[in-house]
**Q** 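Got a structure for you, questions after.
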There are 2 protein chains.
Amino acid sequence: MSSIARAPRSDNRLPRLLDEAARLFRQKGYHAASIRDVAAAVGMLPGSLYYHFASKEDLLVAVYEEGVRQISDAVVVATAGQSDPWRRLEAGCVAHLEALLRLNDYAQVVIRVLPRDVPKARSRLTLLRDAYERLFTDLIAALPLPAGVDRRYLRLMLLGALNWSQNWYHEGKDTPKTIARRFLKLLQVSLRGEE
Amino acid sequence: MSSIARAPRSDNRLPRLLDEAARLFRQKGYHAASIRDVAAAVGMLPGSLYYHFASKEDLLVAVYEEGVRQISDAVVVATAGQSDPWRRLEAGCVAHLEALLRLNDYAQVVIRVLPRDVPKARSRLTLLRDAYERLFTDLIAALPLPAGVDRRYLRLMLLGALNWSQNWYHEGKDTPKTIARRFLKLLQVSLRGEE
DNA sequence: AAGAAAAACAAACGACTGTTTGTTTTATAC
DNA sequence: GTATAAAACAAACAGTCGTTTGTTTTTCTT
């Protein structure tokens, strides 16, 4: 008895479904990308999608989960190559930004679709974001900093500046790597005092 | 002849219409707030709204325009009271953040509704945003800074960090004033070097 | 080859969307 | 007081939305 479950079929279209959902959520935003858009992109009927996901919100959460996984991996891999705390943070920021601005639909959805815009999934999305940000909490915790520096605000400022770049970045100008380094430089030097 | 036009009536509901639109766009976002929501909040029928605006996008643009006007005024007034460049920038950031996080539906819409989410109005919204940001370009241009500091990136970093705060701020904890000051402090001191 | 589960189809449901049209009310100006 | 323009009503249009239901096809397992 029992073993009613069976392995997924080899022609499973779920991966492509997620890919197209990520692409469309990134391109149009959550509300503007419809179930019908996603289904058409995969080449299936709108209703068929509900075999894989119970609701549109659940589909978004699945994309989010994959996005957090991918961007986390990118940051972990990038920082693993460095030992100096500042260089580790730099590598993490560069990886974060490259995923965010260029190469990753899933990661871009994580930053572009704001939890408050999807009330029914808000708490789940926020949890996923927070889990990711903890990587940066750790990177910043390892920094040798002058006494009195609030590490929480350092994280909020740095990640806020990086994430907001989705709103002004245009391919072709400065690279993500350059941007991340410029931001970090602004924090490292003192802007006050010497003219 | 000619003078076919006449002054608006004194019981004009257009101001309230804009107020409710701002409130709902801020609360639910652009896509989730429907024409019917706005009309119901004002106490008129959905179709009546089209006497005042040709489209939903036009309504958003009107709210945006008022938002930029109000937040610009707040920043101008706040900075006018200061003469030292750094204090002027600080006052501007505090005013920006207070409008953004607490007291102004219109201003919150300007930051919360992203131009890329409303393709048909995108260029107009971006123009309005850019006009506002120029205030900060000026404030930063007046700063005495070490040679080699990129003022454009300073603006992008600072405004990015401030704007993103809409995503993590919760009433009751730190005040907007505190947040703005902490961010500026992080830029003013050197985080590298002295332990 | 036969049975079972996975996956998709086909077709609709009801609700909601932004918007248009023709008409009516209402304040204002002469 | 009467013409006029401002403003809103009333009612619908055509389309889209997320979703459900019942059925069929397809692959895997034995």
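From a predicted model like this one, the values you see are computed outputs, not experimental measurements. Just so we're on the same page: letters track the sequence lines, and every chain starts at 1. All heavy atoms count here, side chains included; hydrogens, waters and symmetry mates do not.
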**Q** Name the closest nucleotide to the B:E57 side chain, picking from C:dC9, C:dT19, C:dA27.
**A** C:dT19
**Q** State, with a plain yes or no, whether a side-chain heavy atom of A:V63 is found less than 4.5 Å away from one of A:R26.
**A** no
**Q** What closest approach, in Å, do B:A121 and B:E57 show between heavy atoms, and which atom pair accounts for it?
**A** CB-CB, 4.2 Å
**Q** Given that A:L45 and B:R9 both sit by DNA chain C, which one's nearest nucleotide is further toward the 5' end?
**A** A:L45
**Q** Tell me which residues in residues 20-41 of chain B lie within less than 4.0 Å of DNA chain D, going by non-hydrogen atoms.
**A** B:R36
**Q** Let me know the distance between CG of A:L14 and C1' of D:dT27, rounded to the nearest Å.
**A** 16 Å
**Q** If I compare all heavy atoms of B:E98 with all of B:P176, which pair ends up nearest, and what's the gap?
**A** CG-CB, 3.6 Å
**Q** Any side-chain donor-acceptor pair under 3.5 Å between B:D174 and B:Y169?
**A** no
**Q** Report yes or no: is there a donor-acceptor pair, N or O only, under 3.5 Å between the side chain of B:R6 and the base of C:dT28?
**A** yes
**Q** Return yes if some donor-acceptor pair links the side-chain N/O of B:D19 with the main-chain N/O of B:R16 below 3.5 Å, else return no.
**A** no
**Q** If an axis is fit to five pairs at each end of the helix from C:dA1-D:dT30 to C:dC30-D:dG1, what is the angle between the two, to the nearest 10°?
**A** 20°
**Q** Taking CG from A:L59 and C1' from D:dG18, how many angstroms apart are they, rounded to a whole number?
**A** 12 Å
**Q** OP1, OP2 of C:dA6 versus side-chain N and O of A:N12: anything below 4.0 Å?
**A** no
**Q** Under 6.0 Å from the CZ atom of A:R87, do we count more than 12 heavy atoms belonging to anything else shown?
**A** no
**Q** Can you check the B:L18 CG to D:dA7 P distance for me, whole Å?
**A** 13 Å
**Q** Can you tell me the distance, in whole Å, between the CG atom of A:L17 and the C1' atom of C:dA8?
**A** 12 Å
**Q** Short of 4.0 Å, heavy atom to strand atom, which residues of residues 46-56 of chain B count as contacting DNA chain D?
**A** B:S48, B:Y51, B:H52
**Q** Can you classify the ring geometry of A:Y30 versus A:F25 as parallel (below 30°), tilted (30 to 60°) or perpendicular (above 60°)?
**A** tilted
**Q** Determine the sole option in A:Q82, A:R181, A:K185, A:Q188 for which the side chain to side chain donor-acceptor pair (under 3.5 Å) test with A:E90 is passed.
**A** A:R181
**Q** Within the distance-only criterion (no hydrogens, no angle test), does the side chain of A:Y106 pair as donor or acceptor with the backbone N or O of A:R69 below 3.5 angstrom?
**A** no
**Q** Using 30° and 60° as the class boundaries, would you call the ring planes of B:H96 and B:Y132 parallel, tilted or perpendicular?
**A** parallel
